[in-house]
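Below, all heavy atoms of this structure are taken into account, side chains as well, without hydrogens, waters or symmetry copies.
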Amino acid sequence: MIFIEAVKEYNFLQQALITSILVGISSGVIGSFVVLRGMSLMGDAISHAILPGVAISYMLGINFLIGSTIFGILAALGIGFISDKSPLKNDSAIGIILSSFLALGMILVTMAKSSTNLYHILFGNILAVQRVDMWITLVVTMLVLLLVIIFYKELFVSTFDETIAKSYGLNTKVIHYFLMVLLTLVTVVALQTVGVILVVAMLVIPASTAYLLTNKLSHMIVLSTIIGMVSSVSGLYFSFVNNFASGPTIVMSATILFILAFIFSKKSTLSFKSNKKRGKKSNEISV
């Protein structure tokens, strides 16, 4: 009751609640493709790579979303460029970009320490969300939903069978970079909610939980967004009531839901219901 009354009374809490719900939706949608494509490490790299953009934005006195988006896209392009133009594998390229951008970010944050709160950058501060940030998050969420709906078939085919996608005339590399841009946008808007360190958790945990509960991609996306929203709202509640850091609390809420799904899912060997009767089909995803 205290939380509900506070939401009614304080504008900053209303903005925090709306923003956290939007982040739960956008991260749930993109996170589904991240999990199915095995791109969790890529999401981790981009979330760390935006740190220099945050620091530079603070130093220049501009909205941090601008610098973060630029550096996130540069990181995605850099990883692709190193992978395409050298014999190094993708995970090595990710490691190079992640570590170098993170190191640069730490140096720049140190230089901008008078105007930057490193703790909030790393772990988020949803209660400090401004109205303009809420509107930007809304725009990004609507854009992500619209583009995923429009290009759903292309994303589906390229996710599960790249060879068939190419036979249909789809440019899988363009689709990959298209998804990287959407991933960057979602990562950036989630920054204030859960912070640089925990962004990848919101992309992976709700989607992984949904994967354990369904065999259809469309259902997985819907479940992932619901889990993302529930995690965000419950995390914000416990964060406000107990004065915990918002980012870790939101992630722990998502983790609890994952543990429950892991225990009771038919796909898990811990499930009370045997997987043997279902065979390999329990791990398949369809339209």
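The nearest pair of heavy atoms linking Leu198 to Gly247 is CD1-C, 3.5 Å.
Side-chain contacts under 4.5 Å among hydrophobic residues (ILVMFWY), followed directly or transitively, place Leu77 together with Ile73, Tyr177.
Not a single salt bridge (Lys or Arg N to Asp or Glu O under 4.0 Å) links Lys153 to another residue, sequence neighbours left out. Take Asp91 and apply the side chain to side chain donor-acceptor pair (under 3.5 Å) test, not counting sequence neighbours, and it matches no residue. With sequence neighbours excluded, the residues forming a side-chain contact (heavy atoms from CB on, under 4.5 Å) with Thr249 are Phe238, Ser239, Phe244, listed by chain and number. Judged as a side chain to side chain donor-acceptor pair (under 3.5 Å), and not counting sequence neighbours, the contacts of Asp44 are His48. Remark: Ser208 engages no residue in a side chain to side chain donor-acceptor pair (under 3.5 Å) (not counting sequence neighbours). With sequence neighbours left out, the ring pair (Phe, Tyr, Trp, His ring centres under 6.0 Å) criterion links Tyr168 to no other residue. In this view, Phe178 and Phe151 satisfy the ring pair (Phe, Tyr, Trp, His ring centres under 6.0 Å) rule, not counting sequence neighbours. Among residues two or more places apart in sequence or in another chain, the salt bridge (Lys or Arg N to Asp or Glu O under 4.0 Å) test is passed with Lys166 by Glu162.
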Distance-only check: which donor-acceptor pairs under 3.5 Å involve side-chain atoms of residues 220-228, not counting sequence neighbours?
{"residue": "Ser224", "atom": "OG", "partner": "Gly28", "partner atom": "O", "Å": "2.9"}
{"residue": "Ser224", "atom": "OG", "partner": "Ala207", "partner atom": "N", "Å": "3.3"}
{"residue": "Thr225", "atom": "OG1", "partner": "Ile221", "partner atom": "O", "Å": "3.3"}
{"residue": "Thr225", "atom": "OG1", "partner": "Val222", "partner atom": "O", "Å": "2.6"}

N/O donor to acceptor pairs below 3.5 angstrom from side-chain atoms of residues 94-104, sequence neighbours left out:
{"residue": "Ser99", "atom": "OG", "partner": "Gly95", "partner atom": "O", "Å": "2.7"}
{"residue": "Ser99", "atom": "OG", "partner": "Ile96", "partner atom": "O", "Å": "3.2"}
{"residue": "Ser100", "atom": "OG", "partner": "Ile96", "partner atom": "O", "Å": "2.7"}
{"residue": "Ser100", "atom": "OG", "partner": "Ile97", "partner atom": "O", "Å": "3.2"}

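Among pairs with a residue in residues 66-87, those fulfilling salt bridge (Lys or Arg N to Asp or Glu O under 4.0 Å) read Asp84-Lys173, at least two apart in sequence or across chains.
Between the side chain of Ser265 and the backbone N or O of Leu212 there is at least one donor-acceptor pair closer than 3.5 Å.
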